[in-house]
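We count ligands from 1, going down the list as the structure has it; atoms in each ligand are counted the same way.
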Amino acid sequence: MPRELNHFTVFHQEAKTRARAGRLSTAHGFVQTPVFIPVGTVGTVKTLSPKDLKELGVEIILGNAYHLYLRPGHQVIADLGGLHRFVSWDRPILTDSGGYQVFSLAGLCKVNDEGVTFQSHLDGSFHTLSPETAIGIQEALGADVIMAFDECLPYPSSYDATRQSLRRTLDWALRCKEARRRPDQALYGIIQGGFYPDLREESAKAMVEIGFDGYAIGGLSVGETKEMMLEVVEKVVPLLPREKPVYLMGVGLPEDLVECVIRGVDLFDCVMPTRHARSGWLFTSFGRVIIKNAQYTKDESPLDPACTCYTCQNFSRAYLRHLFMAQETLALRLNTIHNLHYYLRLMERIREAIKEDRLFQFRKEFYETRNQMPDLSTKGVYE
Ligand SMILES: [Zn+2]
């Protein structure tokens, strides 16, 4: 089968770390790496338009096969010209296979070697997803990067359950590769194995043997400690081919991005900046701000004086707090613009630091700046 050549190019290997600056090449253009991918689960990065995303400098967004399959249906989107056209986004898109959502959102999940039968979280209807149908859905959607279908276990899971699930995921990965028909899409395999180093190693080696255009580390951000997450990354990355991109799924906080880039990760996605924005939790250069706190009632200063985003250039903390307290939709939008800008600018600074071989220095400054002010309370952020 013809495969896209040169999906990933490394331009610069950082001198003292595993970090590298590179570029993904896709049918819808290039993506500079390391990159943070904003999450647009159902075909929209909530509250923002594609125009907003472009103004923020977003080069790739993520869509979700599970959600789009259930609503409006992948065939509807295919009939309307594919996901790019449907959502009016002409830059690269990555779709998740739906494995994670089937196991975390759907009801009454029954899994066997063939695939998974589950109940829609929308209307309770029954559906079956297999490696073949998950690839078929992602081909119909037409994303530039698609993911193999994997089984996601709850945390914690026993060694035996993890090993059994890992073998199934490997079998499914092979079937995904065989089912794949579109050479213009890059297909990534997902490495599982929980928090058992030998299972992670087995998974990584077997995935590399099958051979994918990129490798994702799955099964993290499930409630483990930061040390456990970094241990998995440190275990897996050295086992992967240096010429392929490494994607850490569902991670994370700004400090996680810094720490994992240093350990060799190229792609990240996480709902955190967008979801937190909508609950008034804002990321700034000096730490987090909970905008509803009373201390901002008459605060005329910008949210983050170091930020050049539309929100920080035009509005005061007092106004952002007022909008949030009044439950105005503009609050969600302005907060999302700021949080995404913060993440994108962080990645840009990381890429600059890699190119100048000063990532450790950058990391030091990153933590120092944040420690200038105490971390503000996060109590009551979640409903
Ligand atoms: Zn800002």
Close side-chain approach of D357 to H12, heavy-atom, < 4.5 Å: yes

Total protein N/O/S atoms whose distance from the Zn ion (ligand 1) is less than 2.8 Å: 4

ILVMFWY network linking L48 to L303, side-chain heavy atoms under 4.5 angstrom: yes

side-chain contact (heavy atoms from CB on, under 4.5 Å) partners for R20, two or more places apart: F8, V10, Q13, R242, V246, D266

side-chain contact (heavy atoms from CB on, under 4.5 Å) partners for T329, two or more places apart: none

Pairing residues for D144 by the salt bridge (Lys or Arg N to Asp or Glu O under 4.0 Å) criterion, not counting sequence neighbours: none

Distance under 6.0 Å and angle within 45° of ring axis: R23 vs F30: yes

